[in-house]
Amino acid sequence: MSQDYRIGGGQVDRTREITFRFNGKAMQGHPGDTLASALLANGQKLVGRSFKYHRPRGVFTSGSEEPNALVQLRSGAHQEPNTRATTVELFEGLSATSQNHRGPLEWDLMAVTDLMSPFLSAGFYYKTFMWPRAFWEKFYEPVIRSSAGLGRLSMQNDPDQYDKGFLHCDLLVVGAGPSGLMAALTAARSGARVILADEDFAPGGRLNAETLELGGMAGADWAAQVVAELVDMPNVRLMTRTTVYGAYDHGIYGALERCTDHLAESGGKPRQILWRIYSKRAVLAAGATERPIAFGNNDRPGVMMAGAVRAYVNRFGVTPGHHVAVFTNNDDGWRTAKDLTDKGVEVVAVIDSRDKPAVCEVPGARHVRGAAVMDTVGRKGIKSITLTDGQVIPVDCLAVSGGWNPNVHLTCHQRGRPEWRDDLQAFVPGGALPPGMAVAGAANGQMTLAAALAEGQAQAKAQLEALDHTVANVELLQAEDEPREAAAFWHVKDSKKRAWVDQQNDVTVKDVKLANREGFRSVELLKRYTTLGMATDQGKTSNIAGLAILAEEAGKTIPEVGTTIFRPPYTPVPMGALGGRARGKEFRPYRLTPSHKWAEENGATFVEVGNWLRAQWFVRDGEKGWRDSVDREVEMTRNSVGICDVTTLGKIDIQGRDAAEFLNKVYANGFAKLPVGKVRYGLMLREDGIAYDDGTTARMGENHFVMTTTTANAVVVFRRLEFARQCLWPNLDVHLISTTDGWAQFAVAGPNSRKLLQKVVDKEHDLSNEAFPFMACGEVMVCGGMPARLFRISFSGEMAYEIAVPARYGNSMMDVLMEAGREFDAVPYGTEALGVMRIEKGHAAGNELNGQTTAHNLGMGRMVSQKKECIGNVLSQRPEMVREDAVKLMGFKPVNPAEPLIAGMHFINRNAVANMDNDQGWMTSVAYSPSLGHSIGLGFVKSGDTRKGEILRAVSPVHGREVLVEVVSAHFIDPEGERLRA
Amino acid sequence: MPEFSLISAPPLAGYDETLGGIRLRAPEGLAIVSIALPLGGEAAAEKAVKSAYGAALPEMGQSVLAGDARLVRLGVDQAFVIFDHTEPNAEGVVAGKLKDKAYTTDQTDVWVGLEISGAGCREALERICPLDLHPDAFAVNQAARTVMEHLGVLIIRTGEAAYLLLSASSSAGTFQHALHQSMKNVS
Amino acid sequence: MIIHHPLLGPRDAAEFVYLGDASLIDRPDWQAEDAAQAFHAYGYLRDNPAGAHQELWYHEQGDRSWLVVTRDTTTHEITQVELARDVARVRGRDK
């Protein structure tokens with residue numbers, strides 16, 4: 001195809017030609033083109049089908065407000081639906097396809113939908129397709145869904161990369177049109193740190209699209225000159241292709257920078273960056289958006305916004321038609337007629353809804369006063385228009401101007417409520433703007449160039465002064481300052497044909513009227529009932545007409561009807577950009593234990609525990625499943641010695657003269673009298689008396705304790721301890737610091753644990769039971785003078801120790817322990833074996849400390865001291881929490897040892913019906929016990945401590961399973977604790 | 001001779017990478033010891049620090065180079081001493097110097113360090129660091145704890161275009177990846 | 001949101017963890033006659049003002065200080081930020 005519609009002038013680079021494809025057809029354009037301008041240059045009027053009725057649609061605007069020209073860009077996994085051809089920058093090899101049609105774009109089989117439009121009016125899916133009922137889900141909905149809608153996802157993983165970032169500035173200027181450039185220049189020359197962001201690839205805003213002059217210089221040239229100055233200034237960051245999409249609290253703005261979307265390949269760099277901009281102050285200079293007028297068949301390809309026609313002619317050197325008519329309700333529309341004729345494009349008529357003289361001379365054009373366009377003809381492109389006076393005028397493009405709406409969107413992102421201005425017939429920023437934001441230029445209703453420039457400067461100045469920043473003076477150039485009159489004229493009442501208000505959602509004037517008749521009279525309800533203003537364009541061109549028609553129908557004024565306000569984002573933000581780098585393995589941080597490398601080399605399977613990767617079990621040759629490995633690890637540990645990396649447990653170093661008193665307050669049991677060199681088990685309660693964490697705390701010195709927490713609660717416990725230290729007992733001398741990652745800690749458990757450690761710990765330390773009994777702790781030397789900490793504590797129920805060395809020696813320590821243990825057949829064990837052994841021993845863990853259980857439930861009620869001040873002890877004594885028949889932690893074993901148990905089973909009395917009325921409690925943890933040769937479980941059962949020996953039904957309706965179990969002590973192994981103390 | 005010996009293997013040991021003029025390197029042999037100032041004993045502790053290091057404990061958000069040690073103030077009653085020391089007895093060294101006037105805890109292995117330097121390093125940090133690192137806003141020797149890519153990070157500006165970053169040693173892989181990716185994305 | 005830390009200056013709220021009403025500082029006397037009642041009120045009863053609200057924030061990814069932040073719940077405007085430890089002492093927590 002040739003560029004039959006390319007005319008002279010514009011800012012495209014005609015020395016270079018770009019080849020691109022639309023629906024497979026090769027076309028040419030130039031650098032500086034958008035996809036839309038290039039399509040128009042090639043005479044491609046029809047670019048897509050509408051959402052609901054599959055109406056043929058063309059390019060309607062020249063910016064991000066575009067409702068119609070949505071295309072699928074690129075192919076394969078890179079395919080991106082619903083990109084606006086009006087903002088896509090042309091690049092060599094670009095490939096776009098049209099959306100929402102079956103068969104070719106020109107012969108869409110679904111166009112039949114348009115004939116059914118009487119059945120598809122607003123809210124049709126609430127009223128029709130109701131019977132038979134089963135048809136909705138199985139037939140109607142799938143059919144409607146597949147026929148409606150816009151582009152299609154690739155259904156593949158997005159291969160592009162995205163990034164995020166943080167920027168800081170004194171002044172953020174949103175929009176690089178005349179007022180934005182003036183604001184940025186003022187602040188930049190004043191030495192402030194400035195960020196100037198614009199969604200376009202060419203800064204300048206409407207200056208690029210108009211023929212306006214500043215001080216005798218072409219507007220676009222002035223913009224280029226200012227940009228050149230700003231780019232060179234170290235205090236300025238000019239961000240083109242960057243949409244500031246949201247205004248958040250305290251001067252924070254969200255912005256999306258499209259880094260490589262204008263290139264054929266991203267080159268391995270992030271495609272887009274989501275910026276969080278911290279601004280001290282901001283000037284919103286977002287400009288204005290032209291709005292259409294609704295009339296019969298106003299959605300045909302070739303019907304365009306008048307300002308967009310000017311943009312194509314002036315900026316891109318493309319005329320959307322060779323025989324153009326202009327339909328306007330205001331003076332601004334006349335500019336289009338003038339600019340076209342100046343470029344030698346034929347303007348056949350200017351139709352002004354106002355009965356007033358011509359605004360300017362338009363040679364060769366009919367001026368039709370006080371009339372309107374009533375209907376259009378042309379299936380795939382406009383061929384003629386019919387006026388209210390009956391005239392039929394052949395055209396191939398109709399430029400429509402219904403006046404301009406200030407882009408107030410970001411002013412509404414917090415508490416702003418736009419206010420109506422009669423003189424502009426438009427909403428301007430109102431109510432409480434986001435703190436720190438000022439609005440300038442067309443966005444604030446300053447509709448002339450001179451006013452926009454002046455306000456850009458004034459707002460920047462005011463913002464800098466508010467920051468106590470000096471302000472440099474910037475000369476204001478002479479510019480056009482003629483007020484332009486606009487009339488309140490929203491739709492052509494004489495039109496009998498369907499007149500579109502919202503082209504993206506196929507909402508017509510009739511739909512708005514219907515909504516009003518059916519009682520959806522508030523703007524919010526109108527929006528939701530008709531879908532007016534929804535989808536990717538968020539009604540940028542359609543909202544006001546919708547409100548105006550609703551107001552008219554309801555006999556109210558527009559300000560009485562009010563407006564819906566706007567939420568972020570201003571334009572769509574891809575999910576990929578919101579996700580940033582947080583994909584796949586990078587979704588969250590991972591933490592490795594010090595012996596991770598050793599574990600990897602020795603057959604470990606890893607499990608995620610919070611962010612940690614822990615060895616779950618270590619497989620050996622010949623083992624067929626995880627149970628083989630786990631059973632072996634348990635048996636070998638209990639028979640000789642096993643080693644487990646327990647570094648993940650939280651470790652908090654606590655020091656201070658009042659450290660003991662502090663611990664006494666945060667633990668339910670006493671700690672004040674713990675001797676130096678001893679460890680004690682501690683239970684922590686929430687203030688409401690619920691148990692929330694447990695662990696051991698060792699007294700390393702008079703004023704020095706080392707606390708351990710569960711892996712899961714390490715962060716929360718630290719936070720709460722700081723709360724207790726700073727907010728509850730601020731005058732205690734106590735200091736906290738986490739050392740979780742600092743020490744590689746290993747459990748060495750089993751009857752040979754002492755013998756093993758005696759080989760590793762330096763000889764001067766006496767590890768005999770007398771010198772280092774159960775619950776002893778101390779600093780020792782290992783491997784010839786390396787510092788270590790040794791704790792005689794046991795989670796497995798065996799004689800056991802935990803030994804800690806500085807983490808950088810952890811991997812080596814694992815090697816050493818295994819080497820030293822070789823003669824005892826020492827075995828590494830993972831979290832599964834650890835879990836089995838703790839269940840065998842009856843130790844509570846996360847399943848038991850589930851945020852609902854008390855010390856009383858756990859059988860540790862007597863540990864909660866009432867003789868001291870501590871968190872949780874007062875409320876733990878509430879009557880309901882110390883009931884005699886409260887559930888108690890017990891052990892359970894299947895009557896038939898061959899039967900496995902399931903965690904989550906509920907206990908029911910033997911002869912009772914299995915329902916919640918008869919619920920006796922629930923099973924929290926289960927395991928196959930290699931030591932006992934059958935399944936065992938821990939669980940809570942009512943009055944459990946008095947029910948040993950009773951047989952209960954353990955029922956799991958979810959699994960359809962039931963097992964008879966006997967209530968036993970939770971301590972399946974060594975209930976007297978003889979092994980611990982051996 | 002003891003039967004067994006332990007080998008030091010800190011995470012990221014030996015890591016040193018340059019991309020697009022930005023260098024990212026894991027410093028070796030950095031010891032870190034925290035100092036807590038006793039309640040009511042702050043003045044004595046600060047005095048002990050000054051006589052031990054010849055420099056006063058800096059204000060919050062600041063660090064100071066004192067001989068081969070860097071003192072970093074992290075909180076009202078907390079500071080770090082960062083110094084070159086490979087033996088696993090850093091805490092004892094600092095405690096000895098402070099003569100029991102402050103509580104000390106070894107933090108060496110709690111953290112892993114990465115040094116980022118070069119002309120574009122601030123641009124790389126912009127991708128993950130929420131703090132304003134503009135030279136006027138974050139002067140040489142300033143220090144701050146913040147969050148980058150979900151990780152807690154202590155960042156210290158050590159030179160015109162050089163920063164020392166410390167983060168939890170267990171998540172060293174994520175930490176290194178975050179910085180490497182940032183360098184890659186801006187280079 | 002940005003919280004102006006009294007010692008560190010403006011910091012992104014992402015560095016902080018929110019707890020809630022600053023009345024949590026006023027932990028009742030465990031030995032008082034009405035301790036059970038007082039702890040019930042302390043644990044469960046909160047004002048929910050539309051307007052200025054004193055609340056506790058923890059600078060977890062920072063200096064680990066607990067702060068009392070006065071924030072307008074209708075606008076998010078923050079009018080005062082204090083170290084909770086200072087507030088606690090002023091409120092008479094003498095231990």
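As the structure is a prediction and not an experimental result, all values here were calculated from the model. Proteins get letters first, then strands, A, B, ... in listed order; numbering begins at 1 in each. All heavy atoms count here, side chains included; hydrogens, waters and symmetry mates do not.
Taking the side chain as every heavy atom from C-beta outward, His168(A) and Leu133(B) never approach each other to under 4.5 Å.
Looking at Pro234(A), neither its backbone nor its side chain comes within 4.5 Å of chain B, counting heavy atoms on both sides. In this structure, chain A has no heavy atom under 4.5 Å from any part of Asp136(B). Heavy-atom distances place the side chain of Asp653(A), and not its backbone, under 4.5 Å from chain B. Using a 4.5 Å cut-off between heavy atoms, Arg581(A) contacts chain B through its side chain alone, with no backbone atom that close. Proximity to chain B involves both the backbone and the side chain of Met813(A), based on heavy atoms less than 4.5 angstrom apart. Of the atoms belonging to Leu736(A), it is backbone heavy atoms, and not side-chain ones, that fall under 4.5 Å from chain B. Within the 4.5 angstrom heavy-atom criterion, no atom of Ala582(A) approaches chain B.
When every heavy atom of Arg808(A) is checked against every heavy atom of Thr86(B), the shortest pair comes out as NH2-O, 3.0 Å.
For Gln655(A) and Thr105(B), the side-chain atoms include at least one donor-acceptor pair closer than 3.5 Å.
The interface of residues 177-187 of chain B with chain A, defined by heavy-atom distances below 4.5 Å, comprises His177(B), Ala178(B), Gln181(B), Ser182(B), Lys184(B), Asn185(B), Ser187(B). At a heavy-atom cut-off of under 4.5 Å, chain A is reached by Asp77(B), Gln78(B) from residues 48-78 of chain B, listed in order of number. Within residues 143-173 of chain B, the residues that have a heavy atom under 4.5 Å from a heavy atom of chain A are Glu149(B), His150(B), Leu151(B), Ala168(B), Ser169(B), Ser170(B), Ser171(B), Gly173(B), listed by number.
The side-chain hydrogen bond (donor to acceptor under 3.5 Å, both in side chains) check on Thr593(A) picks up Asp645(A), with sequence neighbours excluded.
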